[in-house]
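A short worksheet on the structure shown next.
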Amino acid sequence: MLIATAGHVDHGKTVLVKALTGVDTDRLPEEKARGLSIDLGFAYHSRPDGTVLGFVDVPGHERFIRNMLAGVAAIDHALLVVAADDGPMPQTREHLAILDLLGVDAGAVVVTKLDLVDESGAAEVVSRVRGLVEGTGLADAPVFPVSAATGIGMTALRDHLHGLAAAHRAAKGPGPGSRFRLAVDRCFSVRGAGVVVTGAVFAGAVGVGDRLVLAPGGVGVRVRGIHAQSRPAEQGTLGERCALNLAGTELGRTEIRRGDWLTGEPGPGISHRFDAELRVLASEDHPLSHWTPVHVHAGAASFTGRVAILEGRSIAPGVRGLVQVVVDQPFVGVRGDRFILRDQSARRTIAGGAVIDPAGAVRGRARPERIAVLRAMAERDPHAALEALLEASVNGVDLDHFADAWNLRPAEAEALFERAGIEAVALPRGRTAGFARSDWMALRAGMLAAVSRTHENAPERAGAESAELASGAGRSREVAAAAIGSLVRDGRLVREGRFLRVPEHEPRLSPRDAALWKKVSLHLTEDAVKPPVLTELAGTLGVDRNLLAVFLGRSAGRGMLIKVAPNRFYHPTALRRLAQTAERLAAESGDGRFDARAFRDASGIGRNLTIQVLEYFDGAGLTRRIGDVRVVARRAEGVFG
């Protein structure tokens, strides 16, 4: 069980820990010389029953508040230390506020230096302390008046802590299947061993030989050795402090900083913004305003940023609200991580909270639909959060992001998705969206019904246009395209160019149109990459030009032809071949670009027709023009079927 001491400078925290463990945590020469704790100190006490008490002795001086934050971020229990000869002081109040903001509600209050005051003085301080903790997470915490110098009250405190440790060990169990996370607060080299990092284990477990990722740098490392609780160990687990001896080919070129993370594979997501629920301290004089500059403390990291209020323009003292924290350095976190905000000068704690989404929305962060997503992500249990997200997310839940945000290992994520009845759908750029199976089936059924209605209303058409079907689905273009693709793969729909039809549908032309089409199809064939212009075709067929223009337009609406220019129509297969020529030129160019001259030479269709075809490709989304060159924006198969 990991216990942190908190309290004002020179109130006896270090002496108390030494009396409980026999270890002096003032290990740095500067600490010895100045008589106060500058950095975190650690001490461990093993019991005969196998339980271990780990103490994090945090600095009390105001200047070292950042180190104190790194110490309490992963604790199980807190000891708020108040000297009997001083009573509650400024850092006492600030440390108590930070413990409360971090959600620490398991702890005790220790009134030290009892030998320096009389009985009435001690009683007065105890009374003041009880009033101080009222309304905080430590409101019901027991109070232990002690003297580390004389031993008064120490037996009762020890018995209390040993009982808690035994209960904690029994309740801990194997823990959740979370990916390993360690917040790096120190890095140094050991002769003969190499790089060693220390920190608190926030989640999961690590063993000798495991491969980890150093974030945010993304460097892969291997664990050569582990010290847990100041002893060699085969593994380190949630709630422990560990020292990990690391090996890796890139370690020599990597600067490991305090605030970095070591995580299990795959590496975590990195962001410059996170969404959270925030509580402003009731002691603040003014509301927290939108876009306030702040210092952010999370894990062992500290960086600057700004707070965007998502509901309204400010959050009043003592009130909670949804925010997005935009930071100036890469943020590595997961849902539920606690953080503290200090003012712009880093002299005063103003607020704190818990991360809801470690990768906040870049656009639309305050829209109602985004707020609904955050409410869903705030659920305490990942299964409940997933179900709420499925209800709130019309375009599906990004499953990879969900697993990353909840710090789930791949096997645990897969089991959760299976239990929730998720339909996993592949989207562009390697993303996977999850839908409730009933919702996904309803989307597909709605699309089939829309195509059938098109057949009923316009039996002469080849089918429903893909773009119209997608826009009418009420989903994003990517999700609609995925649903259409699944129907085509299952044989429920047939794709012909930009049209979709059910397999049994055949366009029914009027006798007059059928006769004219029989003539036109002899000239606008699948091989005709250079088809005749409208006037030339009308002369060849002996048909009125205007009548032919209307017919060709009607045929394009049926999906039988594609209108590239007012006077030029293509068979869909012939145009798809030209599209494939553009793809080939882009692939062979080396930089993905080609110009009109290269396309003209490769296709053999002439300069004027090349310009018409390429401009059509631009409009259809196949290519994108950049100056005098073009790049392929979408595959020909996706544009023309």
Side-chain angles (χ1 to χ4, degrees), residues 103 173-181 202-204 238 263-271 273-277 310 322-324 331-338 353-362 364-365 367-444 473-476 478-480 482-483 486:
S178 298
R179 179 175 50 187
F180 173 76
R181 299 176 71 222
F202 274 52
L238 169 67
T263 79
E265 296 177 322
I270 310 298
S271 176
R273 63 193 69 231
F274 62 88
D275 296 330
E277 183 180 60
L310 300 185
L322 293 177
V323 300
Q324 182 174 98
F331 174 75
V332 182
V334 302
R335 183 217 164 275
D337 278 359
R338 311 295 297 203
V355 174
I356 295 177
D357 189 340
V362 177
R365 61 190 174 197
R367 290 177 180 170
E369 54 268 29
R370 177 60 185 172
I371 298 299
V373 166
L374 294 182
R375 300 286 186 205
M377 277 290 286
E379 291 282 350
R380 298 176 64 88
D381 173 75
H383 186 269
L386 184 58
E387 289 190 333
L389 278 173
L390 291 170
E391 186 70 25
S393 306
V394 67
N395 289 312
V397 177
D398 188 324
L399 297 182
D400 294 332
H401 174 63
F402 182 89
D404 194 47
W406 280 86
N407 197 41
L408 301 175
R409 294 185 300 176
E412 276 68 32
E414 185 176 345
L416 173 64
F417 299 153
E418 180 63 30
R419 184 159 61 97
I422 294 292
E423 183 75 30
V425 178
L427 296 180
R429 295 180 292 278
R431 296 186 299 120
T432 303
F435 296 84
R437 288 203 174 99
S438 57
D439 181 37
W440 183 250
M441 292 299 106
L443 173 61
R444 285 167 41 106
R475 313 290 178 113
S476 71
E478 293 176 338
V479 170
S486 71

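Numbers for residues simply follow the sequence, beginning at 1.
With rounding to the nearest 0.5 Å, the separation of CG in Leu389 from CZ in Phe402 is 6.0 Å. The CZ atom of Arg475 sits 6.0 Å away from the CZ atom of Phe435 when rounded to the nearest 0.5 Å. Separation of atoms CZ (Phe202) and CG (Asn407) is listed at 11.5 Å; rounding is to 0.5 Å. Between atom CZ of residue Arg370 and atom CG of residue Asp275 there is a gap of 4.5 Å, rounded to the nearest 0.5 Å. Taken from CG in Asp357 to CG in Asp404, the straight-line distance is 10.0 Å, to the nearest 0.5 Å. Between atom CD1 of residue Ile422 and atom CG of residue Leu386 there is a gap of 4.5 Å, rounded to the nearest 0.5 Å.
When the shell of 6.0 Å around CD of Glu277 is examined, it contains more than 12 heavy atoms from other residues, nucleotides or ligands. Heavy atoms from other residues, nucleotides or ligands lying under 6.0 Å from CZ of Arg367 number 12 at most. For Glu391, the CD atom counts as loosely surrounded, since its 6.0 Å shell holds 12 or fewer non-hydrogen atoms of other residues, nucleotides or ligands.
For the pair Val355/Val334, no side-chain contact is recorded, criterion being any heavy-atom separation below 4.5 Å from C-beta on.
Between Glu478 and Arg429, at least one side-chain N (NZ, or NE/NH1/NH2) sits under 4.0 Å from a carboxylate O, which counts as a salt bridge.
Of all heavy-atom pairs spanning Leu427 and Ala482, the tightest one is CD2-CB, 3.9 Å. Taking every heavy atom of both residues into account, Asn395 and Ala433 meet most closely at O-CB, 4.1 Å.
Legend: side-chain hydrogen bond (donor to acceptor under 3.5 Å, both in side chains) pairs involving residues 373-390, not counting sequence neighbours, sorted by first then second residue: Glu311-Arg375.
In terms of modelled atom types and a separation under 3.5 Å, the side chain of Arg335 and the main chain of Met377 share a donor-acceptor contact.
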Carefully, step by step, assess Arg365 and Leu310 under the rule side chain to side chain contact (heavy atoms under 4.5 Å, CB included).
CA-CA 7 Å; Arg365 61 190 174 197; Leu310 300 185; 3.9 Å; yes
